[in-house]
Each structure stands twice: as structure tokens, then as C-alpha cells.
Amino acid sequence: MEQQSIIAAIEDRARRAGLPIAEVCRRAGVHPTTFSRWKLGSGKRAPSGATVKSLAAIEGVLDVAERSDNPTQGTEALRSVRQSRKLADVCYEIRGPTLHKARQLEEEGHKIIKLNIGNLAPFGFDAPDEIVHDIIVNMHNASGYTDSKGMFAPRKAVMHYCQEKSIGGVEIEDIYLGNGASELIVMAMNGLLDSGDEVLIPAPDYPLWTAAVSLSGGRPVHYLCDEQSDWLPDIADIRKKITVNTRAIVIINPNNPTGALYPVELLQQIVDVAREHQLIVFADEIYDKTLYDGATHTSIASLADDVLFITFNGLSKNYRSCGYRAGWMVVSGEKSHASDYIEGLNILASMRLCSNAPGQFGIQTALGGYQSIDDLVAPGGRLCRQRDLAYGLLTAIPGVTCVKPKAALYMFPRLDPKIYPIADEQQFAYDLLADERVLIVQGTGFNWPNPDHFRMVFLPNADELTDAIGRIERFLHHLRRRLGTA
Ligand code: PLP
């Protein structure tokens, strides 16, 4: 248990430095009463995200204090190797501590239903044959480095895709291929942010965005998406949170984790805010073809040419090709004032030489011709059926409500706090895993401020999905009885 490790770290430092426990607690930023409570075992909880982070942070702080207490020490004994302090605020619960518990249970022979990650292949959603074929056929041509921004043909295909989506003025040089959108998101933040710079990020978010801003030295500032309004961004809240330090706004549309799809009028309002405050708009559109009920997607970058937009997309989701790590980033709109930033992006792209070449070979064929995702999301298509099934089953559980996703692969249901007064959401996820062998991610893992939501994918086939939600229902039934809210 992480608490035990923190207790051990504090006691160890106190012993080695000959300091009172209370003094070491003070240095570590752990209140002595909290420490005593942990020692007494009254907090028998699985580690919360904050606790997990704080072990690294605590040990880092203690290291510094110890070195300044004793500057000559540390030359003989092995100094422990620690993660950088830059990681102290970085959180990625989708692959977090509950997943470690799941792995452990699997090693013990238990079957876990994994609803924690939008990875399509394990659920039988295969990449289109054409993509696989093109990658295989070109494998012999894929052993060298490519241009650091990517090969010409796939970038040209992305350029044509931008034209289809009415994103104006995009040239080959505005397009960067990456090892998934993920690499490019981190690159875009690294190239932009200095300490104190703020980036507006939705809450809930896809947590890589918050993590990338923190890791780059910036400050993530979360604006609310309103569940009462189908999880659309709250423009008033966005305006309230803009300061002189705000550099950019992130929108995730279609949205992970909520499945929201933003109407043009709302996108236009975001453009207006960006224009007014000279913000860069970072648009994550990785689910732009995973749309239900005949909905259409508008790229925010198509709405103006006097604002700087950086749009992210890739093969992972729309083409069920997460593992090929093929993504792209497009710079569009007003670029004349951004040549320095763009030069920074070019430096970062060059530093990693290029993205994986086999994945690049899948892009051109994916973007042209028949789009098999359309069949999966159409009425009666597998993804659409599974979304409807999951929505129906989940919302039939007492105290569970959910905005029906219009897009993407996720549900973000709410647990009525009167019926499920959950204090520690990570404990909730952990208990669900331990009792029912179902792995979900708690809502706070998506930077949602309250412990009253969780996220699940609806990727398993109908039988497994029914089984999984049946287990969630049974777990919640027992929870209600235990809490006396049944
Ligand atoms: N953006 C969003 C909103 C996502 O949900 C994900 C993956 O789940 C990514 C980006 C990562 O995409 P890629 O596989 O291209 O790195």
C-alpha cells in the first residue's frame, strides 16, 4: 500500500537524520495527525490519486532537505533514483493504480472485463484490411527515417482531408505526422509553454491534455462542461477563467469521456472568445467520424481564418488502428504571428527524427474511399447497438443517469450522491474490480471535480456488455444496502 510506503519513507528519514517524526512530516507536507491516523490504520483505503502522487513528491522534498542538512552525504551510499518533480502533477488514471490491481488479479487467474480504455482491437474491432495490406506491402520501404514531419503522400492525404472538412489554407508544411495524436499533443505543449502560462482545458477531459500541460511547465485551468446541457462547454465559465497568462484553449470534440458533439453555434462562440483574447485553439478531433444518429462533425478550424488553430486527429479510433500509432496535427488559420512557435514545433519534430514509418503508410489508404466506420455507427451497426444497449442497461439502475453519447466510444454516467455518497472514488473503482472483476475509471481520473461519475467504454459485444453492466448493477445494489440508501 502506498500509505505504508509513505509511512516507511518518513520513519526512515527520521531515523537516518535523527529528527523527530513531526519535523520530517512537516518537511514532507504531511500533517502529523494524518500520519498518526495512517499509523493507527484508521484510514484503511486504497491509495487515492493524490496519495500516489505524493509519495514521489514527498521523497523528492525529503531528498532535498536531507542533502541540505548534510551536503557531503550521498557519495558512497546509492542515492535512490527518483522520477522528476515535473511529474508530481501528472496524472493518468486510465492506466493508473487500479489497472495494476487488475493485472495482479489476472496473474492470479481471474478474468477481468476491461472497460477502462478505448482500445478497439481486443474487442474484435479490426483495422480495415486495406490499411493492414498497405502497411504490409510497404514494410520494405519503411525501414528508413522519413522526413521529420512525415512522408509526402500521407501528408497530402491529410491536406485533402482538411479540404473536405473546409479547413482553409492548409499546405503540406502545416501538417505533422506523429506516433499517434498523443505524441503531437505533448510536442505542441512543450513547444509553447513556459512556467506560469495557462491553458484552458475542459473538465472532464481526456487526461493527457492536463498531463501534457503540467509536464511542459504550464498550468492547466479547467473550464466546466455542463452535464445539464448535454456536456457542452460553459462559455461563461471559460470567460471567467481567462487571465493575462492564458495562452490557449483546448476543445475535445467529439468528446472523450462524455460523448458530446458540439454544435456549430457553440464552436463559433469559442472562436469568438479565442479571437477576443488572442488564444490558440487546440482542437482534438480524434473521434470525428465516430458519430451516431446521423450527426455531422464541424471542425472548429473551418470557422475562421483569423485565429490560430492546431487540429489533432489520427487512425486510432475512426480506423480501429490504435496500435499503428499514426496521428497528425495541422496548423491552420492565422499563422503570421506564430512563426516562432512553428519553428519550435519544427525543432521538436526534428529532434525525434520522424514518426514510425509503417504507420504512416496506413494514412493515405485510410482517408480515401470506402469508410467502414460508417457501417459501425449506423443504426444497427455494432457500435451503435452497443451504445444503445449500454445506455439502456446503465440508466435502468437506480440512481444512475447518463447523457446519451452522440459520438465516440464512452459513457460517463453519474451516480446520484444522495444514493451513492462516495467519498473516495478510487476506492469505489478498486472495490468494483475486487468484487465484480470489472475495470472502469473513476470520473476524477478525467479531472472531473466531484466523486460522482465514472467512465466506461461500450466496446465489448452485447453478451459481455450485458454481463459487465449486470455486475456493476449488482455491485451498486450491495453498495446501496451497505450505505442504507437502498
Ligand atoms: N485524444 C483523445 C480525446 C483520446 O481519447 C485519445 C485516446 O484515447 C487520444 C487523443 C490518443 O490518440 P492516439 O492513439 O492517436 O495517440
Side-chain angles (χ1 to χ4, degrees), residues 91-96 99 114-123 125 127 131 150 154 158 161 175-189 199 201-213 215 220 222 225 231 233 249-262 281-291 297 299-300 310-330 352 355-356 358-360 362-363 366-367 373 383 405-412 440-441 443 445-448 455-459:
C91 161
Y92 196 77
E93 296 282 343
I94 295 171
R95 288 195 189 265
L99 181 67
K114 293 199 190 109
L115 307 181
N116 63 316
I117 187 164
N119 190 15
L120 290 120
F123 297 99
F125 289 96
I131 296 180
V158 171
Y161 187 56
I175 297 166
Y176 299 71
L177 305 188
N179 294 307
S182 304
E183 183 194 32
L184 298 165
I185 289 170
V186 175
M187 192 188 281
M189 295 301 107
V199 178
I201 299 178
D205 73 341
Y206 174 60
L208 174 65
W209 279 103
T210 299
V213 169
L215 192 60
H222 292 104
C225 295
W231 286 116
I249 179 165
V250 173
I251 69 158
I252 303 171
N253 176 40
N255 191 270
N256 173 8
T258 63
L261 178 67
Y262 300 169
V281 177
F282 289 104
D284 182 338
E285 300 186 346
I286 195 101
Y287 299 97
D288 71 338
K289 291 185 176 210
T290 310
L291 311 171
H297 178 264
S299 284
I300 190 167
I310 314 232
T311 304
F312 299 83
N313 209 326
L315 299 190
S316 289
K317 313 293 175 168
N318 295 331
Y319 300 93
R320 288 85 70 205
S321 298
C322 300
Y324 294 152
R325 310 309 298 127
W328 57 88
M329 163 172 97
V330 178
R352 57 76 153 119
S355 68
N356 88 82
Q360 293 186 37
I363 293 175
L367 289 178
I373 182 73
L383 278 173
K406 294 187 168 64
L409 312 169
Y410 313 94
M411 315 275 287
F412 197 58
I440 50 95
V441 183
F446 301 91
N447 295 297
W448 181 244
R455 189 197 76 168
M456 55 166 275
V457 299
F458 48 81
L459 294 176

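Note that ligands are numbered from 1 as they come in the structure, with each ligand's atoms numbered from 1 the same way. Treat the numbers as computed from the prediction; the structure is a model and nothing was measured. The chain is numbered in sequence order, starting from 1.
- Ligand-side atoms of ligand 1 in range of Ile286: 1 (N), 2 (C), 3 (C), 4 (C), 12 (O), 15 (O), range being under 4.0 angstrom from any heavy atom.
- Considering backbone and side-chain N/O atoms, Ser316 comes within less than 3.5 Å of an N/O atom of ligand 1.
- Taking the six-membered ring for Trp and thresholds of 30 and 60 degrees, Phe412 and Phe446 have ring planes more than 60 degrees apart, a perpendicular arrangement.
- Distances from ligand 1 to the non-hydrogen atoms of Glu183 include no value under 4.0 Å.
- Which parts of ligand 1 touch Arg325 is read off a 4.0 Å heavy-atom cut-off, strictly below it: atoms 13 (P), 14 (O), 16 (O).
- Aromatic ring orientation, Tyr287 versus Tyr410: perpendicular (interplanar angle above 60°, classes split at 30° and 60°).
- Residue Gly180 has at least one heavy-atom neighbour below 4.0 Å for each of these atoms of ligand 1: 13 (P), 15 (O), 16 (O).
- The shell of residues lying under 4.0 angstrom from ligand 1, judged by heavy atoms, excludes Phe312.
- When each of Leu367, Leu120, Ile363 is paired with Tyr319, the side chain to side chain contact (heavy atoms under 4.5 Å, CB included) condition holds for Leu367 and for no other.
- Remark: ligand 1 atoms within the under-4.0 Å shell around heavy atoms of Lys317 are 7 (C), 8 (O).
- Using a 4.0 Å cut-off between charged nitrogen and carboxylate oxygen, Glu183 and Arg325 do not count as a salt-bridge pair.
- Residues Tyr161 and Asp288 have side chains that bring a donor and an acceptor to within less than 3.5 angstrom of each other.
- Screening Thr258, Asn256, Asn116 for a side-chain hydrogen bond (donor to acceptor under 3.5 Å, both in side chains) with Arg455, the sole residue that qualifies is Asn256.
- Residue contacts with ligand 1 leave out Gly314, since none of its heavy atoms falls under 4.0 Å from the ligand.
- Each of the following atoms of ligand 1 lies closer than 4.0 Å to a heavy atom of Ile252: 3 (C).
- Under the 4.5 Å side-chain criterion, counting only non-hydrogen atoms from C-beta, Phe312 is not in contact with Trp328.
- Note on ligand 1: Gly327 sits outside its first shell, no heavy atom being nearer than 4.0 Å.
- Residue nearest to atom 2 (C) of ligand 1, selected from Ile185, Asp205, Asp284: Asp284 (by heavy-atom distance).
- In terms of protein heavy-atom proximity, atom 9 (C) of ligand 1 is closest to Tyr206 CE2, 3.5 Å.
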